[in-house]
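Below is one structure, written out as structure tokens; the observations come after it.
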Amino acid sequence: MTTKTQTAQRVSEAPMDNLTLARKEGWQRFVDTPARLQPEHMTRRELEALTEDAFDDYNRKRREWHANLGPIRTPQLANLHEDLWDIVDSNAQDGDRAKGAVAIDAFPGLGKTTAVLDFARKYHQREAKEHGAATNQGHERWPVCRVGLTGNTGMVEFNRAMLGFFAHPGVSRGNAAHFAHRALDCVLACETKLLIVDDLHFLRWRNTVGVEISNHFKYIANEFPVTLIFVGVGLAARGLFSEGHSYEDAVIAQTGRRTTKLDLHPFVINTDDGRRAWRQLLLALEQRIVLADKRPGMLADDLSDYLFARSTGHIGSLMTLINRGCQRAVRTGFENLN
């Protein structure tokens, strides 16, 4: 295992890259990388005065900036974070009590994963600030572990994914029970408090694997000192929160009864509050756009209806539109969005 100091040194020497968040090195970089600095706004005359190399470098900075505009603190994100803080901080029970889990269940394109990762980053930073980068026993402190599910995830794969996050050497040999015990050792040694399970909808609940995983989540809630945060689409429709009549339904529902369901809603414009929130979002995006011919009201006044029609109030679709529009505006020299 690399030490926390070595990891931090590597983080400080390199900017944020595409390291997977399924590995602790990637997660550390995600947590520790400072926020990007917004490129300076230049007029067309100032752009024309740049040398060719300086112009290319400025456009590169703008490409990277526009591709990473979020996260935006929308009312939906703020409310979700408040609920998550309430639940996570209230889960400070002693080890003999099972901790309640959380399920973020919402349609695609509403920023579920973005919102949860933003919360987890803040939680990791708080824990590291309060308790230090290392535990009292000298182990690396990892307050957060993130596991992403695939369509064929079973107990072996899930436990191996947890071990993979911690860079445990024992990921190649053993069975599900062996991997689970090693994962528990990692969680206890690294004092992990938050376990994020992303893309839970990939799991086929109503089959043998789904029941095994559900039982495994119950085992984790009972034995691991962590708060489980599930992220997925259509979890209620898949039976996570329903009682059902069969044994399999009852087993899965037991996980649901211990789980608080939270959601994210798209923006709406059929109420005064909804229209006000939509406009505030567009105004916030205007402040972040770096184009020479940007003007007040470019999004909030001129493009409000168009952007809502294209995105149907889903922030993921909106951010994609803005990003691609800005990329074309920079590449073609149009320097505006219309």
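Keep in mind that the numbers below use all heavy atoms, side chains included, and drop hydrogens, waters and symmetry copies.
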Here the pair of heavy atoms bringing R173 nearest to R182 is O-NH1, 2.6 Å
Just verifying a value: how many Å separate R276 CZ and L283 CG, rounded to the nearest 0.5 Å?
12.5 Å
Kindly give the heavy-atom pair with the smallest separation between A189 and H139, and that separation in Å.
O-CB, 3.4 Å
To the nearest 0.5 Å, atom CZ of R146 lies from atom CG of L21 at 5.5 Å
Closest heavy-atom contact between T227 and G100?
CG2-O, 3.6 Å
Hey, what's the ring geometry for H216 with Y219, parallel, tilted or perpendicular (30° and 60° as the breaks)?
parallel
Ion pair K112/D105, N-O distance below 4.0 Å:
no
Residue pair F334 / D293, side-chain heavy-atom distance below 4.5 Å
no
Could you state whether F224 and V156 fall into the same hydrophobic cluster, counting links through intermediate Ile, Leu, Val, Met, Phe, Trp or Tyr residues with side-chain heavy atoms under 4.5 angstrom apart?
no
To the nearest 0.5 Å, what is the distance between CG on D89 and CG on L84?
10.5 Å
I would like to know whether I87 and L262 meet side-chain contact (heavy atoms from CB on, under 4.5 Å); could you show each step before the answer?
CA-CA 11 Å; I87 295 168; L262 302 177; 4.2 Å; yes
Please indicate whether E130 has more than 12 foreign heavy atoms, meaning atoms of other residues, nucleotides or ligands, lying under 6.0 Å from its CD.
yes
From CA spacing to verdict: side-chain contact (heavy atoms from CB on, under 4.5 Å), L50, M42:
CA-CA 10 Å; L50 293 175; M42 291 188 178; 3.8 Å; yes
Flag side-chain contact, heavy atom, 4.5 Å: L282 against L318
yes
Find out whether V116 and D198 are in side-chain contact, i.e. whether some heavy atom of one side chain is under 4.5 Å from a heavy atom of the other.
no
Could you grab the distance from atom CD of Q76 to atom CG of L264, nearest 0.5 Å is fine?
7.0 Å
Scan for side chain to side chain donor-acceptor pair (under 3.5 Å) pairs involving residues 326-338, sequence neighbours excluded, and state none if there are none.
R62-E335, R295-N336, N323-Q327
Checking the side chain of E286 only, and the main-chain atoms of P296 only, is there a donor and an acceptor separated by less than 3.5 Å?
no
When you look at CG of D305, are more than 12 heavy atoms from neighbouring residues, nucleotides or ligands closer to it than 6.0 Å?
no
Would you say L110 and D263 make side-chain contact, with heavy atoms under 4.5 Å?
no
Show the nearest heavy-atom pair for residues A176 and M155, with the distance to one decimal.
CB-CB, 4.1 Å
Is R288 close to I72 at the side-chain level, that is, under 4.5 Å between some pair of heavy atoms?
yes
Pairwise side-chain contact, F179 with F158, heavy-atom cut-off 4.5 Å (strictly under)
no
Per the ring-ring contact (aromatic ring centres under 6.0 Å, His included) rule, what does the pair list look like for residues 277-296, sequence neighbours excluded?
F267-W278, W278-F308
Nearest heavy atoms of P108 and V233, plus distance in Å
CD-CG1, 3.9 Å
Are L77 and L80 linked, directly or through intermediate hydrophobic residues, by side-chain heavy-atom contacts shorter than 4.5 Å (ILVMFWY only)?
no
Quick one: CZ on R73 to NE2 on H81, what's the gap to the nearest 0.5 Å?
7.0 Å
Is it true that R29 and E25 make a salt bridge, defined as a side-chain N closer than 4.0 Å to a carboxylate O?
no
Quick one: pull up CE in M162 and OG1 in T192 and give me the separation to the nearest 0.5 Å.
10.0 Å
A quick test of your reading: do over 12 heavy atoms of other residues, nucleotides or ligands sit less than 6.0 Å from NZ of K61?
no
Linking I/L/V/M/F/W/Y whenever their side-chain heavy atoms sit closer than 4.5 Å, directly or via other members, would V171 and L184 fall into one cluster?
no
Is L281 linked to F107 within one hydrophobic cluster, defined over Ile, Leu, Val, Met, Phe, Trp and Tyr using a side-chain heavy-atom separation of less than 4.5 Å?
no
Going hydrophobic residue to hydrophobic residue with side-chain gaps under 4.5 angstrom, can you get from V31 over to W85?
yes
Please determine whether side-chain contact (heavy atoms from CB on, under 4.5 Å) holds for the pair F217 and T259, giving the CA-CA distance in whole Å, both sets of side-chain angles, and the decisive distance to 0.1 Å.
CA-CA 11 Å; F217 289 152; T259 305; over 6 Å; no
Residues V290 and H66: closest non-hydrogen pair is N-NE2, 3.0 Å
Within the distance-only criterion (no hydrogens, no angle test), does the side chain of R141 pair as donor or acceptor with the backbone N or O of H131 below 3.5 angstrom?
yes
Any side-chain donor near an acceptor of the partner, D185 and H168, under 3.5 Å
no
For R310, is the CZ atom crowded, meaning more than 12 foreign heavy atoms sit under 6.0 Å from it?
no
Using a 3.5 Å distance criterion without hydrogens, assess whether the side chain of Q287 forms a donor-acceptor pair with backbone atoms of A284.
no
Kindly determine whether I322 and L307 satisfy side-chain contact (heavy atoms from CB on, under 4.5 Å), including the steps that lead there.
CA-CA 9 Å; I322 298 300; L307 291 172; 4.1 Å; yes
Salt bridge (charged side-chain N to carboxylate O under 4.0 Å, His left out) between R44 and E48, intermediate numbers included
CA-CA 6 Å; R44 280 191 176 271; E48 293 170 356; 5.7 Å; no
Would a distance-only check, ignoring hydrogens and angles, find a side-chain to backbone donor-acceptor pair under 3.5 Å from T320 to G316?
yes
Do the non-hydrogen side-chain atoms of C186 and L163 ever get within less than 4.5 Å of each other?
yes
Are D118 and K122 ion-paired here, with the side-chain N under 4.0 Å from a carboxylate O?
yes
For residues H124 and W142, determine if any side-chain heavy atom of one lies less than 4.5 Å from a side-chain heavy atom of the other.
yes
